[in-house]
Amino acid sequence: MSSEPRDTNVPGSGAGKAAGPGNTVSGAPAGGSQDPPEGLLEQRNAFVQTFFKKGAELTEELLREEARLRDRMLRLESENAQLRAQVASDDAIRDLLSRIDQLERDKRDLLSRIGNSHGDIERFSRRFAEIEEENARLASLYVASFQLHSTLELSGVVRHLRELLAQLVGAEAYALYVPDADGTLVPVVSEGVPPKDLPHVHSGVGPIGEAFADGHSQWTEGDPRAGTLEAPAACVPLRAADRSAGVIVILRTFEQKASFVDVDFELFKLLGVHGGAALAAARLFARHGLEIASVDAFRDLP
Amino acid sequence: MTTGTTQYSCLIVEDSPMMRQLLVFALARVKNLRVTEADDGVDGLRKLASTKYDVIITDINMPIMDGLKLVKRVRTDPVHKDTPIMIITTEGSHEDRQRALSLGANAYITKPIQAPQVIAKVKELLKIEL
């Protein structure tokens, strides 16, 4: 069985050239014409068509691939840009968060300082009020002392004692007791209570007599507005030369004076010492005038 | 020379030298306040005749002319009718307070006084920042 010879030559190759004079085509029928066989031509044409078709397809495929790659590259570039923006944005957010943290710390620090400042202000205000109160107390004591010793007249001392009791202590009803010749305490000055209601008192008897005898002030722990003769709001012995020269009896205080406070106790002490001295000096002055302190008395001083 | 600082003046009408001295001490704490003292209502009116004060402080119980009469006189005086008046007295009842305020007093403080309270009230009447 015979078969048609295959022309495996590619166009353009020397083997594939159209047969010229003296050339033969391998496989050609011996003694035939120079034209290739019809079948071979068809095969060649088919091959060429297929070749070009494949080439065209390949080219188209390459073009599509290129387009795909271009598209892919654009997408990647876009993603890249987005990622870069994202990173930049994340950094900015991180910076902002960091800044917020710092601001929060600053805020806490400032609030803490403000809190401390408020504490300082309150402390200073309290201290200022305490100092003002102390100043007022000292001023009261100074004024009381100053006024008590500003006169040697008995009436003047008694007037100042009255003022001190009413204006500084807030006594509404009070009496001044002094001992008579036999040592009985008798009321010589009173305010807010009729003199006939004031009894004579023996030394050491009752709160008035006890204050005179032992030389210590007494005062109620209760409401000084509710004091009575039997239980006065306060009894203050007036002392001079280590002995009692009299007793101030505060029977009750004004309505607005609901309790004794620190300055009152200081005033009681002052009354006891300075009031007693002022009273004794006034009584001596009333008896002897200025003769009591002669030049000789100063010469005998150590 | 002008310092630009407001100067204030205060008249204290009080018969008790002890209370006057105490008030003078207390008011020494108020800056730029000049204090004048009067023994009673008549003495107070005498001083008001020659000087206009920024604030008047008066007791009620005084000889010759009491504080309430003084308040009445001041309130009818065209020169002093708007001057703030503070009463300082031992009379602590509600009626006494109402009476004084109805006559034209601007403030009412009872004795024994608390210096910080007096200072605060005077500053308030003078509209000085506390």
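The chains referred to below are lettered A, B, ... by the order of the sequence lines, with proteins before strands, and numbering in each begins at 1.
Counting non-hydrogen atoms of neighbouring residues, nucleotides and ligands closer than 6.0 angstrom, the CG atom of A/Asp182 exceeds 12 such neighbours.
Taking A/Leu168, A/Asn135, A/Thr253 one by one and counting their heavy-atom pairs under 4.5 Å with chain B, the maximum is reached by A/Leu168.
Neither the backbone nor the side chain of A/Asp264 comes within less than 4.5 Å of any heavy atom in chain B. Residue contact with chain A, scored on non-hydrogen atoms closer than 4.5 Å, involves the side chain of B/Glu14 exclusively. In this structure, no portion of A/Arg137 lies under 4.5 Å from any heavy atom of chain B. Of the atoms belonging to B/Ile88, not a single heavy atom falls under 4.5 Å from chain A. For A/Val263, no part lies under 4.5 angstrom from a heavy atom of chain B.
Pairing each heavy atom of A/Gly272 with each of A/Val236, the nearest pair is N-CG1, 4.0 Å.
You'll find the ring centres of A/Phe268 and A/Phe260 inside the 6.0 Å limit.
Side-chain N/O atoms of A/Glu163 and B/Ser16 include a donor and acceptor closer than 3.5 Å.
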Show, in sequence, the C-alpha distance, side-chain angles and deciding distance for A/Arg113 and A/Asp109, and conclude whether the salt bridge (charged side-chain N to carboxylate O under 4.0 Å, His left out) test is met. CA-CA 6 Å; A/Arg113 286 190 198 176; A/Asp109 184 44; 3.3 Å; yes

